Amino acid sequence: MNAIQALNDQIDTLLPRWKGVAITAEAELEAEENTEDENAMPWANIKFSAFLEKPIGKQPTIGSDKYAAWESVGIAVGQGMPLTDLAKYKYHIDLGGGGGTTWSGTIEKLAMPGLLFHHMTPTKDYIHDHLKPWKHYIPVNAHLSDLKQKFDWSESHPQQAKRISDAGTTFMRELGTPEGFGKIFDLDFVEPIQRVIDAYQPVAEGMTWRDVLSSMGAENRMIEVMECTGTSYNYNSCQMIGGEDVERFQSNGYYEEVE
């Protein structure tokens with residue numbers, strides 16, 4: 001109980017995955033205190049099943065020294081499960097980590113029969129732009145403050161929830177085909193690169209990149225900051241360029257013209 005209170009006291013400062021742990025601890029406590037239904041299950045089960053320990057790799061949290069204190073109070077750690085078992089669940093959640101929500105985790109859960117609660121974060125992979133909230137998944141805000149509300153909505157609207165789940169699975173079936181992935185590859189890679197190629201304009205023979213910048217006139221917002229030989233893969237091949245413009249850039253973080 002004290003551990004749950006400690007988590008709740010710090011809820012605003014917790015990372016998303018730890019917010020999920022706090023939500024789960026509350027859900028488990030509510031289920032235990034449910035006197036009307038002895039078989040009541042917690043509505044959320046968001047825990048750490050593994051952690052990355054360099055240079056060994058992923059290690060289970062259960063039985064580890066790192067999570068021993070949490071395991072002793074029955075919070076935060078849980079048993080991992082294969083995808084075949086995960087696919088049996090009615091709902092799934094996709095939480096942001098160090099680099100946002102991982103594309104691999106998103107597509108794995110989308111392909112399952114369950115409904116995906118997708119964590120909306122500023123960092124995302126290109127695949128997320130092809131997914132639509134309330135069509136392929138249920139959006140959950142970055143603070144997880146609306147997760148219980150979205151869960152209750154899904155429970156009270158089973159037909160709509162199933163349509164969203166089915167749409168996510170259908171999307172993944174198409175993406176898993178050469179034709180489906182080919183469409184997305186063309187949209188996100190081939191077409192943008194083609195626009196860059198088409199916009200390229202060769203400069204006159206003998207003209208250097210410095211000449212190009214000078215020819216752009218007063219509207220040019222670029223200055224030379226670093227010069228690299230390109231002969232080595234380390235920082236020793238590069239050196240900073242001096243000058244007042246560069247000094248202002250280094251101190252201000254942006255280019256500032258002198259009137």
Side-chain angles (χ1 to χ4, degrees), residues 4 7 15-34 36-51 58 60-62 67 70-71 74-97 100-121 125 127-128 131-176:
I4 297 176
L7 283 173
L15 294 174
R17 294 177 186 271
W18 277 102
K19 288 180 186 290
V21 167
I23 290 171
T24 297
E26 283 282 1
E28 290 179 336
L29 183 61
E30 290 175 4
E32 290 177 5
E33 295 177 347
N34 189 339
E36 297 180 359
D37 184 1
E38 295 180 356
N39 298 317
M41 296 288 292
W43 69 271
N45 183 9
I46 305 169
K47 299 179 179 181
F48 293 100
S49 61
F51 67 99
K58 275 193 173 183
T61 53
I62 294 179
Y67 285 86
W70 293 104
E71 186 177 357
I75 293 179
V77 301
Q79 187 70 44
M81 65 178 68
L83 295 180
T84 50
D85 290 342
L86 190 64
K88 299 175 183 177
Y89 283 79
K90 186 177 180 180
Y91 302 111
H92 306 291
I93 190 165
D94 187 22
L95 286 178
T101 55
T102 59
W103 67 270
S104 58
T106 302
I107 63 175
E108 284 176 350
K109 292 171 182 175
L110 270 180
M112 295 178 183
L115 177 65
L116 177 62
F117 293 91
H118 180 54
H119 190 203
M120 306 301 289
T121 64
D125 291 287
I127 192 69
H128 294 141
L131 299 170
K132 306 300 180 185
W134 297 105
K135 178 181 179 180
H136 300 108
Y137 61 85
I138 302 294
V140 180
N141 67 35
H143 303 289
L144 304 187
S145 59
D146 61 347
L147 179 58
K148 183 60 165 64
Q149 175 191 349
K150 300 294 178 60
F151 171 81
D152 290 339
W153 179 90
S154 302
E155 285 285 272
S156 61
H157 297 77
Q159 293 182 343
Q160 293 95 319
K162 187 176 186 307
R163 279 199 296 268
I164 296 172
S165 175
D166 290 344
T169 303
T170 299
F171 174 87
M172 282 309 307
R173 283 203 182 103
E174 182 178 357
L175 181 65

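Just so it is clear, the structure is predicted and the values come from calculations on it, not from any experiment.
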Going by heavy atoms in the side chains, are Thr24 and Glu28 under 4.5 Å from each other?
-> yes

Under 3.5 Å, side chain of Ser49 to main-chain N/O of Gln79, donor-acceptor pair present?
-> no

Could you tell me whether a side-chain N or O of Thr61 sits under 3.5 Å from a main-chain N or O of Phe48, the two making a donor and an acceptor?
-> yes

Note: Asp166-Arg163 ion pair, threshold 4.0 Å (strictly below) = no

Shortest non-hydrogen contact between Ala44 and Ala27, atoms and distance = N-CB, 4.0 Å

Here the gap from Glu108 atom CD to Met172 atom CE, rounded to the nearest 0.5 Å, amounts to 9.0 Å

Any side-chain heavy atom of Glu26 within less than 4.5 Å of one from Ile4?
-> yes

Whether Ser165 side chain and Ala161 backbone form a donor-acceptor pair below 3.5 Å | no

State, with a plain yes or no, whether a side-chain heavy atom of Lys47 is found less than 4.5 Å away from one of Tyr67.
-> no

How about Thr106 and Asp125: do any of their side-chain heavy atoms sit closer than 4.5 Å?
-> no

Kindly indicate whether the side chain of His118, heavy atoms from C-beta on, has any atom under 4.5 Å from the side chain of Leu110.
-> no

Residue pair His119 / Ala142: nearest heavy atoms and the distance that separates them = NE2-O, 3.0 Å

Step by step, would you call Thr169 with Arg173 a side-chain contact (heavy atoms from CB on, under 4.5 Å)?
-> CA-CA 6 Å; Thr169 303; Arg173 283 203 182 103; 3.9 Å; yes

Min side-chain heavy-atom separation Leu95-Lys19 under 4.5 Å | no

Test side-chain contact (heavy atoms from CB on, under 4.5 Å) on Phe151 and Val140 and set out the steps.
-> CA-CA 10 Å; Phe151 171 81; Val140 180; over 6 Å; no

Rounding to 0.5 Å, atoms CD1 (Ile107) and NE2 (His128) come to a distance of 9.0 Å

Determine the minimum heavy-atom distance between Ser154 and Leu115, stating which atoms define it.
-> OG-CD2, 3.5 Å

Over all atoms of both residues, closest heavy-atom pair of Pro60 and Phe51 = O-CE2, 3.6 Å

Nearest-0.5 Å distance, CE of residue Met120 to CD1 of residue Ile138 = 11.5 Å

Answer yes or no: are there more than 12 heavy-atom neighbours, outside Met41 itself, under 6.0 Å from its atom CE?
-> no

Using a 4.5 Å cut-off on heavy atoms from C-beta on, say whether the side chain of Ile46 contacts that of Ile93.
-> yes

Can any side-chain N or O of Asn34 pair as donor or acceptor with the backbone N or O of Ala40 at less than 3.5 Å?
-> no

Within residues 136-149 or reaching into it, pairs that qualify as side chain to side chain donor-acceptor pair (under 3.5 Å) - sequence neighbours excluded = Asn141-Ser145, Asn141-Asp146, Asp146-Lys150, Lys148-Asp152

In this structure, CH2 of Trp153 is separated from CD of Gln160 (nearest 0.5 Å) by 5.0 Å

The reported gap from CG in Leu147 to CH2 in Trp43 (rounded to nearest 0.5 angstrom) is 4.0 Å

Side chain proximity check, Lys90 to Glu155, heavy atoms < 4.5 angstrom | yes

Correct closest heavy-atom pair for Gly105 and Asp94 would be C-OD1, 4.3 Å

